[in-house]
Amino acid sequence: MFKVDQTLLIENLKKNIKSSYGVLIAISILEILMIVYGLITFNFNEPIRIVYFISYFVLLAASVTGIFLLTYYKKEKNIHRFKEAYFYSFFYVTLLCIWSTLISALDTFNGNFPFTFLTVFIAIPFFCLIDPIIYSLYGVIGTIALIITNIFYTQSLEDKTIDFGYYVNIVIFLLIVILATFKSYEVVVTRHKNEETLRIQSLTDQLTNVYNRRALDLKINELMNLKDKTNYSLILIDIDKFKEINDKFGHTYGDTCLKEVVSVISKYLSKMSLFRYGGDEFIVTTTLNRDEINYFINQINNDLRLIDNKVGLQISAGVYNLTNNDSKPDDVLYKVDKALYESKVINSGKCVFFNE
């Protein structure tokens with residue numbers, strides 16, 4: 001069954017914010033020109049001219065509103081609210097489809113071909129990623145409305161012969177646009193999945209399948225940008241006597257031990273993220289308090305003792321609680337590394353908190 005990913009639609013809007021600006025500005029300028037043209041040439045005693053004129057104002061107002069909203073949402077502090085921007089874009093596309101159908105219906109009553117509807121309907125998928133199912137529905141409704149309008153127009157003429165070629169052409173056009181819209185969505189989805197796969201691979205340690213050092217750097221930078229950092233702690237975990245394990249049993253067995261440790265740690269990561277720092281060292285970012293961290297480390301060691309291995313796996317840990325004065329990732333890593341060193345000196349298998 002065809003399924004639309006709304007998150008993808010929102011992310012695509014973020015990526016294409018510049019082109020969205022361009023389209024909104026272009027439409028605004030076009031509507032201003034049409035309003036000026038209408039003021040100069042329209043006979044406002046004709047109701048149809050008033051409808052034309054009002055439609056230009058409505059689309060101009062919606063376009064200008066969209067420009068201001070994009071300006072607001074693209075600011076760093078408002079970027080998380082892009083879901084709201086997506087809903088406005090959905091409203092705008094809906095309005096644009098209704099507007100183009102109305103203008104083309106008026107054109108049809110004037111004996112003209114519905115170029116506005118055809119142009120707008122085929123152009124929208126080129127400028128924004130939209131739900132192809134809903135967009136196809138818009139197209140079907142618009143096409144039916146234009147066909148009905150053409151029938152009424154034909155009945156008002158002396159020659160009431162129905163132009164079936166008109167209906168065939170507009171239906172063929174509709175089918176082509178619907179197929180193109182679905183294909184366009186499929187291409188974007190495939191590209192997005194490939195990009196996401198590459199992104200995840202670039203942030204994942206291939207041996208242990210947890211986040212790697214690059215992901216850790218990004219996470220720490222993210223923490224450094226928080227206004228209140230005091231709820232967060234870094235836990236640096238080291239496997240005791242890991243060099244001896246590699247020397248005595250070989251690197252293949254050492255890799256197995258790394259995976260076993262990761263498997264145990266991952267059981268307790270509901271509030272945390274695990275990163276491979278390097279070698280046999282891992283870093284956990286967490287919001288656990290001091291007692292919960294001590295319990296966490298003790299549980300890991302208890303679970304490791306239950307594993308049937310040759311060496312009696314055990315970990316030591318150093319902990320650093322972030323402060324609002326922290327701003328440099330290297331300083332934070334230095335402090336948590338110092339805490340781990342003290343843990344190894346005092347007694348393997350223990351957890352030590354950094355103390356200035």
Is the shortest side-chain N to carboxylate O distance from [X] to [Y] below 4.0 Å?
X    : Y    : answer
R199 : E196 : yes
D255 : K259 : no
K335 : D331 : no

Evaluation steps, side chain to side chain donor-acceptor pair (under 3.5 Å), between R191 and N194:
CA-CA 5 Å; R191 185 177 70 237; N194 291 338; over 6 Å; no
For the residue pair L234 and T285, establish whether any side-chain heavy-atom pair is separated by less than 4.5 Å.
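Side-chain contact under 4.5 Å: yes.
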Going by heavy atoms in the side chains, are L223 and D326 under 4.5 Å from each other?
no
I want to check a possible cation-pi pair here: R213 against Y277, using under 6.0 Å from ring centre and within 45° of the ring axis as the test.
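No, cation not above the ring by the 6.0 Å, 45° rule.
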Side chains of D240 and S316: do they bring a donor and an acceptor to under 3.5 Å?
yes
For residues 103-124, which residue pairs pass the ring pair (Phe, Tyr, Trp, His ring centres under 6.0 Å) check, not counting sequence neighbours?
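Sorted result for residues 103-124: F113-F115, F113-Y166, F117-F121, F121-Y135.
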Is there a path from Y138 to L179 through hydrophobic residues (I, L, V, M, F, W, Y) whose side chains come within less than 4.5 Å of each other?
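In one cluster: no.
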Do the ring planes of F53 and F42 sit parallel (below 30°), tilted (30 to 60°) or perpendicular (above 60°)?
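Plane angle over 60°, so perpendicular.
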Please list, chain by chain and in numerical order, all residues satisfying ring-ring contact (aromatic ring centres under 6.0 Å, His included) with Y21, sequence neighbours excluded.
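ring-ring contact (aromatic ring centres under 6.0 Å, His included) list for Y21, sorted by chain: empty.
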Which residue pairs pass the salt bridge (charged side-chain N to carboxylate O under 4.0 Å, His left out) test with at least one member in residues 46-57, sequence neighbours excluded?
E46-R49
Have a look at R276 and tell me which of T208, N212, N209, D205 forms a side chain to side chain donor-acceptor pair (under 3.5 Å) with it.
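Result: among T208, N212, N209, D205, D205 is the only option passing the side chain to side chain donor-acceptor pair (under 3.5 Å) with R276.
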